[in-house]
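Written out below as structure tokens is the structure these notes cover.
Quantities reported herein were computed from a predicted structural model and do not represent experimental measurements.
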Amino acid sequence: MSLKTKIDSDIKQAMLAKKQDELRALRAIKSMILLAQTDSGAGENLSEEEEMKILMKAAKQRRDSIDVYKEQGRDDLAKEEQVELDVIQKYLPEMMSEEEVEAKIKEVISENGASGPQDMGKMMPLAIKALAGKADNKMISSILKKLLTS
């Protein structure tokens, strides 16, 4: 079942259950999917990888918004964003722990022979590809930087 089909089904359930917060998050995801489908060159159906990118982007937007709202003392808005983030995370695969991410990045480094911080630009895309949908890019970047500088 495609992500869009699952979202459509969950929107109907949220409407029947009158879950407004969940409904808002689901509609935002559906909107992002529809926008991706109408982009030039995109087909009717998105690949699973493209769907994961959309969900990761939506989750990142919510995390960034939460940080900004908390800095500004707007806990009410941060709470709304957190609810949406929780809904989005239901559709994402289980995130890896920091230790698991570090182990995977060490594998990528050893496979590709990186030797220091100068290889950061070469290693980052490889690490992101290896951990796609399983870890936040910010975490990947900080762990990769730590490993390459040590």
Subject >> Stepwise salt bridge (Lys or Arg N to Asp or Glu O under 4.0 Å) test for Asp76 and Arg74 >> reply: CA-CA 5 Å; Asp76 56 327; Arg74 295 296 309 266; 3.1 Å; yes
Original post:
Out of curiosity, Asn112 CG to Leu126 CG, how far, rounded to the nearest 0.5 Å?
Top reply: 5.0 Å
Original post:
Would Arg63 and Gln82 satisfy side-chain contact (heavy atoms from CB on, under 4.5 Å), going step by step from the backbone distance to the final call?
Top reply: CA-CA 8 Å; Arg63 282 189 207 99; Gln82 184 62 51; over 6 Å; no
Original post:
When you look at CD of Glu94, are more than 12 heavy atoms from neighbouring residues, nucleotides or ligands closer to it than 6.0 Å?
Top reply: no
Original post:
Glu22 side chain to Lys19 main-chain N or O, any donor-acceptor pair under 3.5 Å?
Top reply: no
Original post:
Which heavy atom in Leu148 sits nearest to a heavy atom in Asp119, and how many Å separate them?
Top reply: CD1-C, 4.2 Å
Subject >> Derivation of the side-chain contact (heavy atoms from CB on, under 4.5 Å) call for Gln13 and Leu16 >> reply: CA-CA 5 Å; Gln13 291 175 356; Leu16 290 171; 5.8 Å; no
**OP:** Report the distance from atom CG of Leu131 to atom CD of Glu100, rounding to the nearest 0.5 Å.
**Re:** 10.0 Å
**OP:** Would you confirm whether Ser31, through its side chain, and Arg27, through its main-chain N or O, come within 3.5 Å as a donor-acceptor pair?
**Re:** no
Original post:
Rounded to the nearest 0.5 Å, what separation is found between the CD1 atom of Ile143 and the CD atom of Glu98?
Top reply: 4.5 Å
Original post:
Do you reckon Ile7 sits in the same ILVMFWY cluster as Val83, going by side-chain contacts under 4.5 Å, direct or chained?
Top reply: no
Original post:
Are Leu3 and Tyr91 close enough that some pair of their side-chain heavy atoms sits under 4.5 Å apart?
Top reply: yes
Subject >> Check: Ser141 side chain, Asn137 main-chain N or O, donor-acceptor pair, under 3.5 Å >> reply: no
Original post:
Can you tell me how far CG of Leu147 sits from OG of Ser110, rounded to the nearest 0.5 angstrom?
Top reply: 11.0 Å
Subject >> Joint hydrophobic cluster, Ile105 plus Met56, side-chain heavy atoms closer than 4.5 Å >> reply: no
**OP:** Report the distance from atom CD1 of Ile88 to atom CG of Leu55, rounding to the nearest 0.5 Å.
**Re:** 7.5 Å
Subject >> Min side-chain heavy-atom separation Lys30-Leu26 under 4.5 Å >> reply: no
Original post:
Taking 4.0 angstrom as the limit, do Glu102 and Lys106 come out as a salt bridge?
Top reply: yes
Subject >> Contact check, side chains of Lys60 and Asp64, non-hydrogen atoms, under 4.5 Å >> reply: yes
**OP:** Evaluate the salt bridge (Lys or Arg N to Asp or Glu O under 4.0 Å) criterion for residues Arg24 and Asp21: first the C-alpha distance (whole Å), next the side-chain angles of each, then the deciding distance (0.1 Å), finally the verdict.
**Re:** CA-CA 5 Å; Arg24 187 175 54 249; Asp21 293 333; 3.1 Å; yes
Original post:
So, do Val68 and Gln72 sit near enough that their side-chain heavy atoms are less than 4.5 Å apart?
Top reply: yes
**OP:** Report the distance from atom CD of Glu84 to atom NZ of Lys79, rounding to the nearest 0.5 Å.
**Re:** 13.5 Å
Original post:
Given side chains that start at C-beta, do those of Ile109 and Met123 come closer than 4.5 Å, heavy atoms only?
Top reply: yes
Original post:
Are Glu107 and Lys104 ion-paired here, with the side-chain N under 4.0 Å from a carboxylate O?
Top reply: yes
Original post:
If you look at every heavy atom in Leu92 and Met95, which pair is closest and at what distance?
Top reply: CD1-CE, 4.2 Å
Original post:
Is Val101 reachable from Met52 through a run of hydrophobic residues whose side-chain heavy atoms are each under 4.5 Å from the next?
Top reply: no
Subject >> Side-chain heavy atoms of Lys4 within contact of Glu51, under 4.5 Å >> reply: no
**OP:** Decide whether Met120 and Met139 are clustered together by the hydrophobic rule: side chain heavy atoms of Ile, Leu, Val, Met, Phe, Trp, Tyr closer than 4.5 Å, transitively.
**Re:** yes
Original post:
Within the distance-only criterion (no hydrogens, no angle test), does the side chain of Ser9 pair as donor or acceptor with the backbone N or O of Thr5 below 3.5 angstrom?
Top reply: no
Original post:
So do Ile66 and Leu77 actually touch side chain to side chain, heavy atoms under 4.5 Å?
Top reply: no
